[in-house]
Amino acid sequence: MGQLVEFPSADGGTVTVEVADRSGGVVTRGPLHGLAVPERATQSFEDAMGRMQPAVQAVIAQLRSLAQAPDEIHVEFGLGLNAEAGAFVAAAGTSANFSVALTWHRDGSGNADP
């Protein structure tokens with residue numbers, strides 16, 4: 001099991017997520033009655049998610065600016081969360097990994113030709 005991190009939410013609640021265990025470093029909290037005690041994040045869940053917005057908007061803007069812009073854009077990427085850093089694009093190996101699918105419809109109306 002990874003480490004639990006508790007993000008406060010804008011509505012006063014919390015969102016608890018499991019993140020990968022830190023490699024090395026000092027363990028500041030241990031199990032309590034067999035349950036892991038979550039670490040408190042330094043920012044809200046909404047703030048952490050908001051950090052992803054510029055990256056997502058940049059990818060979409062670049063794909064929409066193609067000479068023949070696609071009718072549909074589908075982008076997938078791994079999302080990582082960290083108590084201090086918030087949200088980030090998760091790496092696959094030593095590089096970030098995006099999966100992109102673009103779709104063009106032949107008749108230009110958004111409906112595919114039969």
Novice: Report the residues that fulfil side-chain contact (heavy atoms from CB on, under 4.5 Å) with E6, sequence neighbours left out, ordered by chain and then residue number.
Specialist: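 For E6 the side-chain contact (heavy atoms from CB on, under 4.5 Å) partners, ignoring immediate neighbours, are T14, T16, P38, R40.
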Novice: What is the minimum heavy-atom distance between Q43 and P8, and which atoms define it?
Specialist: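 Of all heavy-atom pairs spanning Q43 and P8, the closest is O-CD, 3.5 Å.
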Novice: Please table the atom pairs, donor to acceptor, closer than 3.5 Å between any side-chain atom in residues 53-62 and protein atoms at least two apart or in another chain.
Specialist:
none

Novice: If I compare all heavy atoms of A48 with all of A87, which pair ends up nearest, and what's the gap?
Specialist: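 Answer, listing the atom of A48 first, then A87: O-CB, 2.9 Å.
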Novice: Check for a donor-acceptor pair, side chain of W104 on one end and backbone N or O of A69 on the other, with a separation under 3.5 Å.
Specialist: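 Judged by distance alone, yes, a pair lies under 3.5 Å.
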Novice: Check salt bridge (charged side-chain N to carboxylate O under 4.0 Å, His left out) between E46 and all other residues, then give those that pass, not counting sequence neighbours.
Specialist: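 None.
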Novice: Find the distance between CZ (F7) and CD (E39) and round it off to the nearest 0.5 Å.
Specialist: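 The CD atom of E39 is 9.0 Å from CZ of F7, to the nearest 0.5 Å.
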Novice: Which atoms form the tightest heavy-atom contact between L63 and P70, and what is the distance?
Specialist: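 Result for this residue pair: O-CD, 3.4 Å.
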Novice: Please enumerate all residues that pass side-chain contact (heavy atoms from CB on, under 4.5 Å) together with T103, with sequence neighbours excluded.
Specialist: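 Partners of T103 by the side-chain contact (heavy atoms from CB on, under 4.5 Å) criterion, ordered by chain and then number, come out as E72, H105.
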Novice: Would you check, one step at a time, whether the test side chain to side chain contact (heavy atoms under 4.5 Å, CB included) holds for D71 with L102?
Specialist: CA-CA 8 Å; D71 295 307; L102 306 176; over 6 Å; no
Novice: List for me each residue that meets side-chain contact (heavy atoms from CB on, under 4.5 Å) alongside E76, sequence neighbours excluded, and say none if there are none.
Specialist: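 For E76, the residues satisfying side-chain contact (heavy atoms from CB on, under 4.5 Å) (neighbours in sequence not counted) are H74, S99.
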Novice: Which pairs, with at least one residue in residues 53-73 and sequence neighbours excluded, count as a ring pair (Phe, Tyr, Trp, His ring centres under 6.0 Å)?
Specialist: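 Applying ring pair (Phe, Tyr, Trp, His ring centres under 6.0 Å) to every pair that reaches into residues 53-73, excluding sequence neighbours, yields nothing.
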Novice: Rounded to the nearest 0.5 Å, how far apart are OG1 of T42 and CG of D47?
Specialist: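 Result: 9.5 Å between the selected atoms.
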